[in-house]
2 protein chains.
Amino acid sequence: MSFFTEKPVTAADKTFFQLRKAIVEGEIEAGSKLSEPELSTKFAVSRAIVREAINRLEACHIVERKANVGARVVALSPEGLVELYQVREALEGMAARLAAKNMTDDEIADLNGLLDSHFQKVKSDGSYYQEAGDVDFHYRIILGSKNSNLITMLLDGIYHHIRMYRVKFGMAGPRITTAFDEHKHIVQAISNRDEELAEMLMRRHIMYSKTNIENKLITQP
Amino acid sequence: MSFFTEKPVTAADKTFFQLRKAIVEGEIEAGSKLSEPELSTKFAVSRAIVREAINRLEACHIVERKANVGARVVALSPEGLVELYQVREALEGMAARLAAKNMTDDEIADLNGLLDSHFQKVKSDGSYYQEAGDVDFHYRIILGSKNSNLITMLLDGIYHHIRMYRVKFGMAGPRITTAFDEHKHIVQAISNRDEELAEMLMRRHIMYSKTNIENKLITQP
DNA sequence: CAAGTCTATATTGTCGACAAATAACCCATG
DNA sequence: CATGGGTTATTTGTCGACAATATAGACTTG
């Protein structure tokens, strides 16, 4: 089963989603241990279910497991965040390239529409753009790549980690309008089917984000 | 646990490794179904163990599982191979860039030594370079990136898939010496700490490989 | 008093059995 | 003869219990 679209059908699915949500949103904090009996009573399911859920969390690299010892939520370090953004730069850069190649004209038109609606909201209440809009934009391009490996890696893997970091370190720069301009240029490149430029702009866009975060982490760690 | 370095300690580990080997090497063929009771008797372990092993295989995207139906080995299509190489291009390109930045001088010297030894072998018996040497070269650069996310994705994820395709479609072009030259140039760029060039050359190197395979698949599918 | 060891406890790993859902098969019917 | 429905049978999902390992604490000893 794919983790981001499909709905939970089995008990293990549900427990996995609940656990992941609890971890990603910070309810279960980074570095803490996941006790199987404890979670078993908490979620009112058998230990086998919890075990399977933890296995899947391990697969997403959200927890680390040591044999005969147990599972801990991964520790979030500033260095880890930088590493994550390096991977994201490579992967989303490629996604933008492939999107310029593989998105249909209709999908590109939709994307332009999305950007327009964002622009309206930025103009009215400037504070909007932070979360949902940005995520939505990146989602569309990732899906537009039409490369299932890439999509899975980014949406099931990287993005949940990014969210974890965002909850812990709380990132939100003064990048609202500049980020919007960057989005606009990326979509223009995609509209022109300029794969090279689309990739380059996306990579820069993510690099800016990265350095922005790095500076923030250095000044207030 | 990390899938590529650590040794199996628990029964589920062992079963996972055995199963993965059987699948990657083609003993269990692509598209076939994995029956839990069957494997349970075959490996002489409980069904719970087989289940956990299958879960990990799903995590590597080696099998796909449908609820209440079971797990099948992923189907290998030519399109899937192209998608895989697109991801590999992005990821290994970034790995080369980071290797140019993060490898120690000693590690780079070792890498040059490796290349020399490859050169000797190519000169003596021309047929060598195909498998082990190529893999070894790429491994070193991936590890040289010092980015654990990247390393895990490539070594635990992509590389086993590549091997699966290699077993099924059997790829080996007339690229022996040209590939060697490409390796040489990449190492030169890394030695010069030229991140930009290292990434570009690695990406081209993988792109050549990709088009080479594509041509082969078109002419004899 | 510190350090090491042994014991006791709790947690993880493994197993076989039961429940639920799917797939296969047979039979009836148009 | 093909097709649809119902029943059986197999497979997956879930559970509780037992075995093995690691952690924590008490105890002994230098």
Sugar-phosphate only, base, or nothing, as touched by A:Ala48 at under 4.0 Å among non-hydrogen atoms: base
Sugar-phosphate, base or nothing in reach of B:Ile54, heavy atoms under 4.0 Å: nothing
By side chain to side chain contact (heavy atoms under 4.5 Å, CB included), which residues pair with [X], not counting sequence neighbours?
X        : answer
B:Asn112 : B:Ile108, B:Val187, B:Ser191
A:Glu107 : A:Met103, A:Thr104, A:Lys146
A:Lys168 : A:Leu76

Listed once per pair and sorted, the salt bridge (charged side-chain N to carboxylate O under 4.0 Å, His left out) pairs that draw on residues 79-95 of chain B, sequence neighbours left out: B:Arg88-B:Glu92, B:Glu89-B:Arg203
DNA chain D: 5'-most and 3'-most nucleotides touching chain B, 4.0 angstrom heavy-atom criterion: D:dT11 to D:dT14
5′-ward residue of the pair B:Gly70/A:Ala67 relative to DNA chain D: B:Gly70
5′-ward residue of the pair B:Lys33/A:Val45 relative to DNA chain D: B:Lys33
Which residues share a salt bridge (Lys or Arg N to Asp or Glu O under 4.0 Å) with B:Lys210, sequence neighbours left out: none
Partner set under salt bridge (Lys or Arg N to Asp or Glu O under 4.0 Å) for B:Glu25, not counting sequence neighbours: B:Arg163
SB check A:Arg47 A:Glu36 (cutoff 4.0 Å): yes
Integer-rounded Å distance: [N] [atom2] and [X] [atom1]:
X       : N      : atom1 : atom2 : answer
B:Asn68 : C:dA23 : CG    : C1'   : 12 Å
B:Ile49 : C:dG13 : CD1   : P     : 10 Å
A:Arg47 : C:dT11 : CZ    : P     : 10 Å
A:Leu39 : C:dT12 : CG    : C1'   : 13 Å

Difference in axis direction between the ends of the helix from C:dC1-D:dG30 to C:dG30-D:dC1, five pairs, 10°: 10°
Contacts of type ring pair (Phe, Tyr, Trp, His ring centres under 6.0 Å), residue B:Tyr159, not counting sequence neighbours: B:Tyr139
Whether B:Phe137 and B:His183 hold their rings parallel, tilted or perpendicular, with breakpoints at 30° and 60°: parallel
DNA chain C: 5'-proximal contact among B:Val69 and A:Ser35 (nearest heavy atom): A:Ser35
